[in-house]
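Keep in mind it's a predicted model, so treat the numbers as computed, not measured. Quick note on labels: first sequence line is chain A, next is B, and so on, each numbered from 1.
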Amino acid sequence: MSQAECVECGADVTLYDDLEAGEILDCDTCGAELEVIDVNPPVLDRAPELEEDWGE
Amino acid sequence: MSQAECVECGADVTLYDDLEAGEILDCDTCGAELEVIDVNPPVLDRAPELEEDWGE
Amino acid sequence: MSEGSDALSTAVVGGSGFTGGELLRLLAGHPGFEIVQATSRSYDRKTVGSVHPNLRELDLRFTDPAELESVDVLFAATPHGVSMERIDEFFDAADTVVDLSADFRLNTAEAYEEWYDGHDAPEYLDRAVYALPELTREQLPGADLIASGGCNATATILGLKPLVDAGLLAADDRVVVDVKVGSSEGGAGGGAASSHPERSGVVRPYAPTGHRHEAEIETFLGLDVAFTAHAVDMVRGASATGHVFPEPVSKGDLWSAYREAYEEEPFVRLVAGGSGVYRYPEPKAVAGTNHAEVGFELDPGNGRVVTFSAIDNMMKGSAGQAVHAANVAFGFEETAGLEFGGLHPVGSP
Amino acid sequence: MSEGSDALSTAVVGGSGFTGGELLRLLAGHPGFEIVQATSRSYDRKTVGSVHPNLRELDLRFTDPAELESVDVLFAATPHGVSMERIDEFFDAADTVVDLSADFRLNTAEAYEEWYDGHDAPEYLDRAVYALPELTREQLPGADLIASGGCNATATILGLKPLVDAGLLAADDRVVVDVKVGSSEGGAGGGAASSHPERSGVVRPYAPTGHRHEAEIETFLGLDVAFTAHAVDMVRGASATGHVFPEPVSKGDLWSAYREAYEEEPFVRLVAGGSGVYRYPEPKAVAGTNHAEVGFELDPGNGRVVTFSAIDNMMKGSAGQAVHAANVAFGFEETAGLEFGGLHPVGSP
Amino acid sequence: MSEGSDALSTAVVGGSGFTGGELLRLLAGHPGFEIVQATSRSYDRKTVGSVHPNLRELDLRFTDPAELESVDVLFAATPHGVSMERIDEFFDAADTVVDLSADFRLNTAEAYEEWYDGHDAPEYLDRAVYALPELTREQLPGADLIASGGCNATATILGLKPLVDAGLLAADDRVVVDVKVGSSEGGAGGGAASSHPERSGVVRPYAPTGHRHEAEIETFLGLDVAFTAHAVDMVRGASATGHVFPEPVSKGDLWSAYREAYEEEPFVRLVAGGSGVYRYPEPKAVAGTNHAEVGFELDPGNGRVVTFSAIDNMMKGSAGQAVHAANVAFGFEETAGLEFGGLHPVGSP
Amino acid sequence: MSEGSDALSTAVVGGSGFTGGELLRLLAGHPGFEIVQATSRSYDRKTVGSVHPNLRELDLRFTDPAELESVDVLFAATPHGVSMERIDEFFDAADTVVDLSADFRLNTAEAYEEWYDGHDAPEYLDRAVYALPELTREQLPGADLIASGGCNATATILGLKPLVDAGLLAADDRVVVDVKVGSSEGGAGGGAASSHPERSGVVRPYAPTGHRHEAEIETFLGLDVAFTAHAVDMVRGASATGHVFPEPVSKGDLWSAYREAYEEEPFVRLVAGGSGVYRYPEPKAVAGTNHAEVGFELDPGNGRVVTFSAIDNMMKGSAGQAVHAANVAFGFEETAGLEFGGLHPVGSP
Ligand SMILES: NC(=O)c1ccc[n+]([C@@H]2O[C@H](COP(=O)([O-])OP(=O)(O)OC[C@H]3O[C@@H](n4cnc5c(N)ncnc54)[C@H](OP(=O)(O)O)[C@@H]3O)[C@@H](O)[C@H]2O)c1
Ligand SMILES: NC(=O)c1ccc[n+]([C@@H]2O[C@H](COP(=O)([O-])OP(=O)(O)OC[C@H]3O[C@@H](n4cnc5c(N)ncnc54)[C@H](OP(=O)(O)O)[C@@H]3O)[C@@H](O)[C@H]2O)c1
Ligand SMILES: NC(=O)c1ccc[n+]([C@@H]2O[C@H](COP(=O)([O-])OP(=O)(O)OC[C@H]3O[C@@H](n4cnc5c(N)ncnc54)[C@H](OP(=O)(O)O)[C@@H]3O)[C@@H](O)[C@H]2O)c1
Ligand SMILES: NC(=O)c1ccc[n+]([C@@H]2O[C@H](COP(=O)([O-])OP(=O)(O)OC[C@H]3O[C@@H](n4cnc5c(N)ncnc54)[C@H](OP(=O)(O)O)[C@@H]3O)[C@@H](O)[C@H]2O)c1
Ligand SMILES: [Zn+2]
Ligand SMILES: [Zn+2]
């Protein structure tokens, strides 16, 4: 298992060995949804956010 | 608009002119879901019930 | 407040309570009544709106119940025992008395000995008309002492009556009624058990046996009922589920019985197993209204019919029923002042 | 359903939703409108009562929104984006369109670029009148495209407007608004976050920053507002608490400002620090009604004025406001169809 | 998470659901188990804490149920039908399977034909042990397929069993059971009927007749029960009220029967008519715990005994019961991991 | 009840109240304490379980607070004013006093003159250590008069402290704090406003300005805070939303500040904008636990940071915090007796 830094909060995120580019992970510190941009070395970026309609 | 008898409760159900066989109506007296079996003359039957799982 | 010159002048004794407040709300919107007095000892001289925030527009202050005004009609919404003690005074002040308590619901002093703690004015018991209009409509016109039916009794009776009328239930059939009620049934008084932290989220057996409403039910329905009530988390509402074991019947028989009983009734709605979220009677669907929802389901496996009925205890279970009865008694439109049809969605009203 | 020969024929697009159901309820009890169509794709051909149990007496079935009837007035109660896409069709079917969504509330295409995802029919933006009658009453008579104000925006604007009008708040003053809302704001759609187990008992920050209603507030109040909303456990209701730091004022000044703003308003009630249980505005006190309660408190220690406003999001926050606006637009009595004054006690309606 | 070298390695299939989450919570605090896998298709790769906020400290991510790890014990908390379909795979992965669904509760394929839609793996039915430890404790040690009892069945059986054991109820006596349940019984899936606006404040008849738990009750209690369930406004909890009509008994007889049945039981508490607010069993008093409260009241007027039982459906009604059964099966302390005793005050947990 | 020979003997004065009951629950499950006395005047001689149904297994009866036993530690959970009056007696009976009231939280008699009604035993004010362990951990070991921090103050301080520590907030910056609280904050006493019918479903401004906790916040955080509290429909929980306007910061800066402040803290959990249903701190997620959830969101458009914190007022806001402080004072494991991690799903606990 390797590690990468969360772009939102800076915490270490543990990565699975069989990680694939395009997967979405949540940071277990801040909960941000992170997209795996590259695998070797691992690069994470904030996942495109689902536009959330809270109703009104 | 024509009328037919609800098979569940016996009340009259008002039918639209453009009714088609296979449509599902709810009886406005008892709320039963009724399937239009035939159109001319109109024949209604209890619609096949969705098996509902209430959880447990 | 309605002020037609023909409107009947009206007093509400116990106007600061829950059913008293509901009466004030209904009478204020009723063309046939004009409110001239609302009493409260604890809030004497305060505005009605300071207690009932929905009535802030009402230009009225509470006065002392010791000083009753002369009126055409006096509604009493006081705890059990007050009306029987003050009934002579009530009639000195008013031509007609509509009582929301249990004080004049039963017919005999003996019944009050058995179920309550006796009666102070048994001479009025014959004169009083029990008011559950679906049952006693014919006796109401001209009545001058009207005893509005109890909330749990009303819910129970409405659910079972069609079976009795149709001859599907005999007097000695075993009938279980399991009622769920909201916190406003306890009145504005409160106490530890009705505080929000203790009362929230409950399913609490209360009056598990021996509930006094059994007396009303037995008297007016002619059935012995094994009755149990549970407090649940809602403010308004009473829901009665009856479990009865009649001779084999079909759903068609049941629909006939219930439609026969209620198809002309302005305040009873049959709801029995349709589609969607609201398939059977439930209190949310009638909250704030004088409607009762009544329905049933057949359980062939157990030879059982389950009956359901749901009311708002503040309305069809008390203030609304009292106004309905007064409408019949005075010859007003039955639905006058009681037109509100309820809300959707609605939480725990 | 009202059927006066003079009643305006009316369609409700989105009639199976929460605000659509509320519109149907209000229009059915309104002497000036006659409902001829209520649309729903999911419940096409079903009775309106199968979705809205309080409307079981309404003899009406949903129809497909693709086939609009010719009517005098069309109310659209559809999700954001639908009205802007179908506005030409709406005007083919109806002379007047009252839209409850945010699609025509802002004035410019740029504003829709900034706060939403752009606009499909910007040519209508000038023609639309924003409807918060306490603010825009004069522009409503004769308007043929009415954009009913948003719920949180309405609550916020009503609380702060008297301070702006009285010159107590300048455009660049720092204003914090903390809003608490009920679950019906989310509409009938639902999802995991709005399921009963997850949504019960919450105090949940939602839209903690960047809420789209900031755009409406800024446009119509002329103030920048730092806005945050929390979901709390009620079904109906929105309560906006404003924290503002004006030049030193007295309580008398505040009362003057608020009375000046609202004393003629049929639907605004001032509640600011009385006695009893209900001392400040709260949603329970207006549940089911088109009333707004508005009030304030002075915090001399912090140089702060706290403003409170409470509405029912289904009513003053959407359907009630839309009907109120239509009443003004068509010259009806302002309160027509909106007379219901609410209940007490009431839980979480 | 417990990590003793002797701890049994454990997987939870359906770990993102309500009972799955509860299992994870219990197993994480249990000295005898070590969680190595929690599955979810929808939340594959997400942290367990992103779904179950109370488990944010748990360092575990969901994985795909298609890839099962080799473990000592597999708990299945999946919808009806999944376990019966995958049972061979489950046993390939694990030595012991504890199933929370109804898939292995009944004894015969015929029963599944009658009450469900048949069975995919009837050859396992004999091997499965029904787990309601108060009833089947002796059969659990060494069992390798454990079918944890259903929530409503558990509540019902616990309330009536002492009467059966004491010979006060015969197989053909008429028994009515009226159950009130919270919204977590429906699982995390949700739908329109379980959205907060529709589900709040309800007393809603659901499964008014023909509830599938009747099969379990009949099988393990040997009684026919006329069963009806109502949804009420709480999240956790099931409360069963039984109405039975035995030969005349005294309160002393009843106390003997109930004490005889439960005085050695670690998770059953008798509550029958004391003082204070909490006099009879109620779900609030056991929320979050594996306790059942059981009690009764005598109704001499109607020749009736009313029985009450209250559990937390997530605990004694599912996950807690499963862990209790596993404790017995593996020879752990019966209360291991199940020590939490509940809260006061508590709302609608 | 723990009975290790080394356990400290303990009394709870005010054991029939809400925080007193919570203390009894925690102490009963704590290896370091042995309960020898729980007082109540109203329930003198009754079992603890008759008031707190979750403690039915506890073999203990209330006794009169006039007769205090000699103990190592006395916890006082009495209304404001009682401890200051009886503090000498408390120290006659016990070596260490842990007080949950506000009586010893402020440092000077003047502060009590300003915010309360003066002080009866000002000589003890210096000796008392304010207990919010995240703030005052170092002063607790060996303290013999511990003043447990207030619930709303704790929620507020925890949310803002990281910003103060990181130099992002200056003493004279404008800070608005809008708090939402559950009904258990009012204690077991109750009254009309806290009855279930009146308190259900509310969003009710209470203590809109001038809340006494401002004094604690100012003293221990060094910030003036414009504080407003609202009652909402939950039993347990306090949620503080802070609105602050610091110099421009990035989300990374904020994460650094909050992680710096709390990463070593056993009871503080950072939750700030993840995915799923629970994205920000909320009381449901910590109900029944001693955890605080703390988080924030950035609002660049308004130059604002919104801070969120959520606690269970019965735990981290009172009894849990007191036990935590005692753990530190006596050198126990900090989390001893406070391990419960909460439930999911959970309603309004
Ligand atoms: N709540 C229901 O759902 C319901 C349903 C059906 C029937 N009822 C019956 O309706 C009656 C009122 O119930 P409620 O729930 O409205 O009760 P409530 O909220 O407690 O109100 C009682 C009212 O009576 C007044 N009152 C009390 N004692 C009095 C006395 N000795 N003389 C004069 N006034 C007195 C009280 O005001 P002051 O103390 O300030 O004078 C208050 O206004 C009861 O008999 C009840 O059984 C209630
Ligand atoms: N809820 C509030 O408190 C509130 C307050 C102020 C403003 N609003 C606004 O009012 C509007 C409606 O809100 P709501 O809460 O009533 O929503 P809702 O409960 O979700 O109802 C939406 C309605 O629109 C229909 N609909 C959806 N998509 C459609 C389409 N493409 N074409 C035609 N009909 C469509 C739906 O029925 P079918 O899908 O079956 O056709 C349903 O009847 C929204 O714009 C909302 O922002 C709501
Ligand atoms: N809720 C109660 O009170 C209660 C009480 C007693 C017994 N039970 C029984 O316990 C079981 C679980 O109930 P619940 O309330 O926890 O339900 P739930 O909340 O809906 O959870 C179901 C779980 O199963 C997973 N799942 C669904 N279909 C699956 C499949 N085909 N293969 C693998 N995993 C699947 C789901 O996750 P993914 O879809 O993401 O994989 C989810 O984790 C049911 O059989 C229920 O009858 C529940
Ligand atoms: N509730 C909260 O969330 C919370 C949070 C932080 C701090 N606090 C503080 O904790 C303290 C207790 O609050 P609570 O909510 O637990 O109150 P509560 O539920 O009203 O309980 C008060 C307790 O004190 C006893 N008591 C009252 N007067 C007394 C007296 N003169 N002498 C001896 N005992 C007396 C009461 O029992 P008897 O009357 O039967 O003797 C009862 O056991 C208060 O100071 C409160 O400010 C509470
Ligand atoms: Zn992160
Ligand atoms: Zn029918």
Is it the side chain or the backbone of Pro300(F) that comes within 4.5 Å of chain D heavy atoms, both, or neither?
neither
The interface call for Val176(D) against chain F, heavy-atom contacts under 4.5 Å, is side chain
Could you tell me which of Ala226(F), Ala193(F), Pro208(F), Gly347(F) has the largest number of non-hydrogen atom pairs under 4.5 Å with chain D?
Ala226(F)
Top contributor to chain D interface from Tyr278(F), Phe245(F), Phe308(F) [non-hydrogen pairs under 4.5 Å]
Phe245(F)
Nearest heavy atoms of Thr228(F) and His243(D), plus distance in Å:
OG1-CE1, 3.5 Å
Just how far is it from atom NZ of Lys180(D) to atom NE2 of His230(F), taken to the nearest 0.5 Å?
3.5 Å
With chain D, which of Val277(F), Asp178(F), Val346(F) has the greatest number of heavy-atom pairs at distances under 4.5 Å?
Asp178(F)
Got a second to check how far Arg174(D)'s CZ is from Arg304(F)'s CZ, nearest 0.5 Å?
10.5 Å
Going by distance alone, is a donor N or O of one side chain under 3.5 Å from an acceptor N or O of the other, for His344(D) and Glu198(F)?
yes
Heaviest contributor of heavy-atom pairs below 4.5 Å to chain F, chosen from Gly210(D), Pro345(D), Pro197(D), Ala285(D), is Pro197(D)
Heavy-atom check, side chain of Lys284(F) versus side chain of Val202(D), under 4.5 Å:
yes
Atom pair OG1 (Thr209(D)) and CG (Asn302(F)), whose distance is rounded to the nearest 0.5 Å:
8.5 Å
Sort by residue number and list every residue of residues 232-240 of chain D having at least one heavy atom under 4.5 Å from chain F.
Val232(D), Asp233(D), Met234(D), Ser239(D)
Which bit of Asp299(F) is near chain D, if near means a heavy-atom gap under 4.5 Å: side chain, backbone, both or neither?
both
Chain D contact via Val306(F) - which portion, at a heavy-atom distance below 4.5 Å:
side chain
Chain D: which of Ser194(F), Gly182(F), Gly201(F) shares the most heavy-atom pairs with it under 4.5 Å?
Gly201(F)
